[in-house]
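See structure below.
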Amino acid sequence: IVSLAASLFSEAIPQLDLWELLLGRDMELIILEDNQATIKIIKKGYSPKLRSTNRMFRVNVGSISDCLEKYPTIGLEYCHIEFQAADVLTKALAPHKWRNAMESALEGLLAR
């Protein structure tokens with residue numbers, strides 16, 4: 001949730017606004033999350049167990065939820081962990097999972 005908030009507010013929204021201004025049309029952003037609990041918490045807008053994130057990390061779960069409501073072109077979807085290309089950089093993967101993770105990362109780069 002902390003990294004989602006940081007990337008959403010400091011990178012994604014400013015870029016969406018810039019591209020919409022340059023291209024003159026709405027741009028769509030789909031956030032892929034591999035944690036279903038995180039998706040539920042963000043859509044709900046609050047979690048009593050995460051109330052300390054505001055104090056510790058300066059992240060308000062409600063602000064993420066409000067942002068998704070304010071920007072209808074931003075979506076939050078579940079991505080199965082097998083297809084989460086970022087795991088190559090953030091987790092220790094079992095050797096048999098490297099090939100799929102690298103192929104997913106390569107497909108993501110080529111899609112740009």
Side-chain angles (χ1 to χ4, degrees):
I1 289 180
V2 174
S3 62
L4 171 62
S7 61
L8 181 64
F9 293 119
S10 67
E11 301 291 331
I13 293 175
Q15 285 189 35
L16 276 177
D17 292 340
L18 173 66
W19 284 110
E20 287 176 0
L21 179 67
L22 292 173
L23 298 176
R25 63 180 176 93
D26 287 341
M27 298 299 295
E28 186 175 333
L29 170 68
I30 299 175
I31 301 167
L32 299 176
E33 174 61 51
D34 64 1
N35 188 321
Q36 292 181 351
T38 298
I39 294 172
K40 288 178 184 176
I41 289 168
I42 290 172
K43 288 187 177 184
K44 183 178 177 183
Y46 178 76
S47 170
K49 292 183 179 182
L50 295 178
R51 66 181 177 268
S52 63
T53 57
N54 191 16
R55 186 176 61 248
M56 293 172 47
F57 300 105
R58 305 229 184 267
V59 171
N60 184 339
V61 175
S63 64
I64 300 170
S65 180
D66 291 344
C67 180
L68 294 178
E69 289 178 14
K70 180 182 175 185
Y71 288 88
T73 59
I74 299 177
L76 178 63
E77 296 179 7
Y78 175 72
C79 175
H80 192 275
I81 195 164
E82 294 291 324
F83 303 106
Q84 190 63 281
D87 284 350
V88 175
L89 304 173
T90 61
K91 297 178 182 173
L93 295 178
H96 70 277
K97 292 186 177 183
W98 266 93
R99 181 178 184 95
N100 185 40
M102 293 300 290
E103 287 174 356
S104 295
L106 182 60
E107 287 174 10
L109 288 173
L110 293 177
R112 293 181 181 184

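Remember, it's a predicted structure, so these values are computed and weren't measured experimentally. In this chain, numbering begins with 1 at the start of the sequence shown.
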What distance separates [X] [atom1] from [Y] [atom2], expressed to the nearest 0.5 Å?
X     : Y     : atom1 : atom2 : result
Glu77 : Leu32 : CD    : CG    : 6.5 Å
Ile1  : Ile41 : CD1   : CD1   : 4.5 Å
Lys70 : Ser63 : NZ    : OG    : 11.5 Å
Leu18 : Met27 : CG    : CE    : 10.0 Å
Glu20 : Leu16 : CD    : CG    : 6.0 Å
Asn35 : Leu4  : CG    : CG    : 11.0 Å

Closest non-hydrogen atom pair, [X] against [Y]:
X     : Y     : value
Ser65 : Gly45 : CB-CA, 3.6 Å
Tyr71 : Ile13 : OH-CG2, 3.3 Å
Ile74 : Ile31 : CG2-CD1, 3.9 Å
Pro14 : Phe9  : CD-O, 3.6 Å

Under 3.5 Å: donor-acceptor pair, side chain of Thr73, backbone of Asp26: no
A side-chain contact here means heavy atoms from C-beta on lying under 4.5 Å apart; do [X] and [Y] qualify?
X     : Y     : answer
Val61 : Ser47 : no
Lys43 : Ile39 : yes
Ile64 : Val59 : yes

Joint hydrophobic cluster, Tyr78 plus Leu29, side-chain heavy atoms closer than 4.5 Å: yes
